[in-house]
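Source: prediction; values computed, not measured.
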Amino acid sequence: MSRVTLLLATTGLMLAACASDTGPPVEALTAPVAWTTVALPAAAPELERWWTALGDPRLDALVAQAGEASDVRLAEARLFEARARLGAARAALRPTLGAEGSLETRTVDDLDQDTFEALVAFSIAPDLNGAGRARIEAGRRRAEAGAARVEAARLAARATAVRLHAALGEARARADAGDRAVAALEQALQLAEARERAGLTSGLDAAAARAALAAARTRPITARQAAAEAQLGLEALLGLAPGALTHTLAEARPTAAAPPLRALAAPAAVLARRPDLRAAELELWAAGADADAARRDFWPTVSLAAAVGGREVDPTTPFTASGFLAQVAGGLSAPLFSFGRLESARDAADARQRQAAIAYRQAAIDALAGVETALVGLASAEARAATLEDAAEAARTRASLATRRYRAGVSPFLEVLDAERSLAEAEADLAGARGETLAAWASLHAAAGLGGQP
């Protein structure tokens, strides 16, 4: 059998051993045409730094710090790792150049002979089957996914900072409302005691005022606890020690009302802009490239090597001499029987691709649901805040009238207490609704994929 015939026969066996099937199909997801919960024009809000619309320099500074939070720096470190892995995959396809030398001393009978060799070696493994290029593609996609995750982490950290700042302002507004209620009830108690001393009423009014005052004093305590927890949450988010923001946030009060939302990008545009979804899509591409590489591992591989150098022998003999050395080698190999190793690797890559497809589809559904939920939350919070504005104003009017009527001896003291209690509840509920509105406004912008850019 000639060498050419043998080579063709070997190559045929190698090709017969190769896998020809394709990866698992990926189920497509069609984005809805419009949002279902709230009807808005399909125009994208172009304000990437949406929190600046609130006009709060203190909040702007906190959000800037949140852009460098621990989660963001951790995502950046993982991005550096992915890029390093990509560099390693690329380097695997490049030539290798090395040098080696050896010194040997031998004694044969009475002859001591020294042999010194020095070689410069060159080797390369051409990517004949394309597996290396597929792995480079997988590494490139994962590096891009890492960059998208950095953006997603930055977006989440900034939105969390805005929500925690809103919670802090809401809690302090509740505490202020509680303090006003306590002050009003203290005045009511003084009035009841004065009327009691004058013999105009019994001690029942003063006793009722003391009971109402004791209950009212618990509300600002609870609100200040919530404010302290929000501040601690902000400090933890920014990687600061507890109490580090005490001076900065000492005068923090509720931020200005969030501007009304007049437009929102279409669902497809939101999905395209979401960095977390982009990362999931890139991971799916990477998993597909890994599956392709696992199939290409069944195909033949080629290796080439060459070396040049010299040998110095002292002393020379008829059988050993000094001179120039040159070596050239080439190889062609492919697996014939891997006993399930390559097949298992291919099946595992297919399973990872299916997992990535499921994760990507679910991430898209979660993204759409997140925007819809934020839209409902924002609309409900705005409607509740508008209603509570009227309720608080009416409660203030009622409390003022009840106090004047009691002073005039027209109304019972119970009416004053009930009016003050209603006013305290209305102002606390209004502060809560305003905080919820701002938090929902922040959540909506985060769900829309805005705020992740450096």
Side-chain angles (χ1 to χ4, degrees), residues 164-232 246 249-258 380-439:
L164 286 172
H165 190 268
L168 175 63
E170 172 192 341
R172 289 185 173 175
R174 287 179 179 271
D176 292 343
D179 290 339
R180 289 193 296 270
V182 168
L185 288 172
E186 287 175 345
Q187 292 179 357
L189 175 59
Q190 292 173 2
L191 177 60
E193 289 174 341
R195 290 176 63 84
E196 180 185 354
R197 287 193 297 269
L200 299 176
T201 61
S202 64
L204 183 61
D205 288 352
R210 293 188 188 96
L213 179 59
R217 281 173 174 160
T218 63
R219 297 190 184 100
I221 295 174
T222 303
R224 289 188 174 91
Q225 177 187 351
E229 291 172 354
Q231 178 180 324
L232 289 170
T246 299
L249 299 176
E251 302 300 326
R253 284 299 181 270
T255 307
S380 300
E382 287 177 339
R384 187 164 174 260
T387 302
L388 288 172
E389 288 273 8
D390 297 337
E393 184 61 32
R396 281 189 285 269
T397 303
R398 180 193 173 195
S400 177
L401 289 174
T403 301
R404 289 201 299 267
R405 287 171 60 85
Y406 177 71
R407 288 178 182 274
V410 178
S411 297
F413 189 68
L414 184 61
E415 186 174 320
V416 176
L417 294 180
D418 185 59
E420 292 294 345
R421 186 182 302 110
S422 298
L423 175 58
E425 292 175 354
E427 289 185 337
D429 290 344
L430 177 58
R434 287 173 174 169
E436 290 171 4
T437 301
L438 186 54

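- Annotation: side chain of E193 is not in contact with side chain of D205 (no heavy-atom distance under 4.5 Å).
- A salt bridge links D418 with R398: the closest approach of a Lys/Arg side-chain nitrogen to an acidic carboxylate oxygen falls below 4.0 angstrom.
- Heavy atoms only, all atoms of each residue included: A385 and L430 are closest at O-CD1, 3.7 Å.
- Taking the side chain as every heavy atom from C-beta outward, R224 and E229 never approach each other to under 4.5 Å.
- Within the 4.5 Å cutoff, the side chain of R174 has no heavy atoms near those of the R219 side chain.
- Taking both residues in full, the closest heavy atoms of A419 and A399 are given as CB-CA, 3.7 Å, listed atom of the first, atom of the second, then distance.
- Rounding to the nearest 0.5 Å gives a distance of 11.5 Å between CG of L213 and CD of Q187.
- At a threshold of 4.0 Å, the pair E425-R421 does not count as salt-bridged, since none of the basic side-chain nitrogens sits closer than that to a carboxylate oxygen.
- In terms of heavy atoms, E170 sits closest to A431 at CG-O, 3.5 Å.
- To the nearest 0.5 angstrom, L185 atom CG is 13.0 Å from R210 atom CZ.
- Ion pair R396/E427 flagged as a salt bridge, since at least one NZ, NE, NH1 or NH2 atom sits closer than 4.0 Å to an Asp/Glu carboxylate oxygen.
- When all heavy atoms of A208 and L417 are compared, the closest pair comes out as CB-CD1, 3.5 Å.
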Apply side chain to side chain contact (heavy atoms under 4.5 Å, CB included) to R405 and E415, showing your working.
CA-CA 9 Å; R405 287 171 60 85; E415 186 174 320; 3.9 Å; yes
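- Counting only heavy atoms from C-beta outward, the side chains of R404 and S400 approach each other to under 4.5 Å.
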Would you please test R434 and E382 for side chain to side chain contact (heavy atoms under 4.5 Å, CB included) and show each step?
CA-CA 8 Å; R434 287 173 174 169; E382 287 177 339; over 6 Å; no
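- Using a 4.0 Å cut-off between charged side-chain N and carboxylate O, E436 and R384 make a salt bridge.
- Nearest heavy-atom pair across A392 and L423 is O-CD1, 3.9 Å.
- With contacts defined as side-chain heavy-atom distances shorter than 4.5 Å, the pair I221/R217 does not qualify.
- Within the 3.5 Å criterion, the main-chain N or O of E393 finds a donor-acceptor partner in the side chain of T397.
- Residue P220 comes nearest to A175 through the heavy atom pair CB-O, 3.9 Å, listed as atom of the first residue, atom of the second, then distance.
- Judged by distance alone, with hydrogens and angles left aside, the side-chain atoms of S422 form no donor-acceptor pair with the main-chain N or O of A395 at under 3.5 Å.
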